[in-house]
J.: 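This structure is in structure tokens; I'll ask about it shortly.
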Amino acid sequence: MAGSRWNRWLVCVAALLLAPVFTAAAQDSPAETAANGAWSNAAKALQPGPRRIDLRSQATLQLPEGYGFIPTREATELMEAMGNGSDPNFIGLIVPTSQDNGGDWMVSVDYDPAGYIEDEDAKHWDADELLDNLKQGTEAGNKRRAQMGIPALEVTRWIETPSYDSATQRLVWSAEARTKGAAAGEDNTVNYNTYVLGREGYVSLNLITTASHVEAQKPMAKTLLSQVAFMDGKRYADFNSSTDKVAGYGLAALIGGVAAKKMGLFALLAAFLAKSFKLVIVGLIAAGAAIKSFFTRNKA
């Protein structure tokens, strides 16, 4: 089946399945209407796995079956509708299209052309110091969040302390954050951050989820990370010290400083747990099942 026919069928099925969600929101506020329109556009643009996703002519992601990729334009519209500013490094979003992969998460895909990041400090870093740096960076970022009308955040603890594999140049870490003044027992938002370093920058796959779900979703995040590969000439090992740009920071600063600026992703919490989000994901999962059933019947 040609890719174009696949995509046309996906759009038709997704539109039919998701129509009740957006029709029901006809009386929503302007912000809610914009958010529903963004979800509708994202559903139509969804690219289902398995397929290869090109990442800025730097790397590729082999997207497995059961996952869908929302391209840059539609994903940016969706992020902005949920209170997040646009970022030139942003590539798109990964969402589940199979019930087996759950329904309460999304993964932000980015490529940052920061240059070659030296990884020597990974041998000596201190987890407590890194967490303190992340807390300070998040506090500093609250000024910008206030200007954007986003609630102030505070980092509470490690969900997974930073770990780095020097053989594959893969970095994984995760911290829990909550809205300042949040009630005790609230299911706090978590970004589960995974990175692959390359010659000219790094690819990041950031899982956006909650504390109650992250343990079950860690294997999925690591599976996606394992499917990222830099192209020939763009790998970490291809670095040329005579000609290539070196980033102005190491891995520790990537965690404690650079990453803190992206804590705005935590602003997704309200929309992320909202009924509309769950309905859309259910619709995408149902669309995937309908497509699979359609092609199975036609192969019989």
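All values reported here derive from a predicted model rather than from experimental measurement. These values consider heavy atoms only, across backbone and side chains, with no hydrogens, waters or symmetry-generated copies.
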J.: Can you tell if the side chain of V107 reaches within under 4.5 Å of the side chain of Y67, non-hydrogen atoms only?
T.: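 Sidechains of Y67 and V107: no contact.
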J.: Within a strict 4.5 Å, meaning less than it, do heavy atoms of the T194 and V228 side chains meet?
T.: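 The answer is no, as the side chains (C-beta and beyond) never meet within the 4.5 Å cut-off.
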J.: Enter the distance from T60:OG1 to K234:NZ here, rounded to the nearest 0.5 Å.
T.: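 Between atom OG1 of T60 and atom NZ of K234 there are 13.5 Å.
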J.: Between E154 and K180, does any side-chain N to carboxylate O distance fall below 4.0 Å?
T.: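 No, this pair does not count.
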J.: Using 0.5 Å steps for rounding, measure from the CZ atom of R170 to the CG atom of L205.
T.: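 Here the interatomic distance stands at 9.5 Å.
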J.: CD of E118: more than 12 outside heavy atoms within 6.0 angstrom?
T.: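 It does not: E118 CD has 12 such atoms or fewer within range.
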J.: Do the non-hydrogen side-chain atoms of W158 and E176 ever get within less than 4.5 Å of each other?
T.: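 No, side chains not in contact.
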J.: First locate atom OG1 of T210, then atom CG of N188, and finally report the distance between them rounded to the nearest 0.5 Å.
T.: 9.0 Å
J.: Looking at side-chain heavy atoms only, is the closest gap between P113 and N89 below 4.5 Å?
T.: yes
J.: Closest heavy-atom contact between R199 and F239?
T.: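 Minimum heavy-atom separation between R199 and F239: CG-CA, 3.9 Å.
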J.: Of all heavy-atom pairs between L153 and T138, which one has the smallest distance, and what is that distance?
T.: O-CG2, 3.9 Å
J.: How long is the straight-line distance from OG of S166 back to CD of E120, given to the nearest 0.5 Å?
T.: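 Between atom CD of E120 and atom OG of S166 there are 9.0 Å.
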J.: Can M231 be reached from Y116 by stepping across I, L, V, M, F, W or Y side chains whose heavy atoms are under 4.5 Å apart?
T.: no
J.: Can we say E160 and K218 salt-bridge, meaning some charged N sits less than 4.0 Å from an Asp/Glu carboxylate O?
T.: yes
J.: Can you find a heavy atom in the side chain of Y164 that is under 4.5 Å from one in the side chain of W173?
T.: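 Answer no - side chains too far apart.
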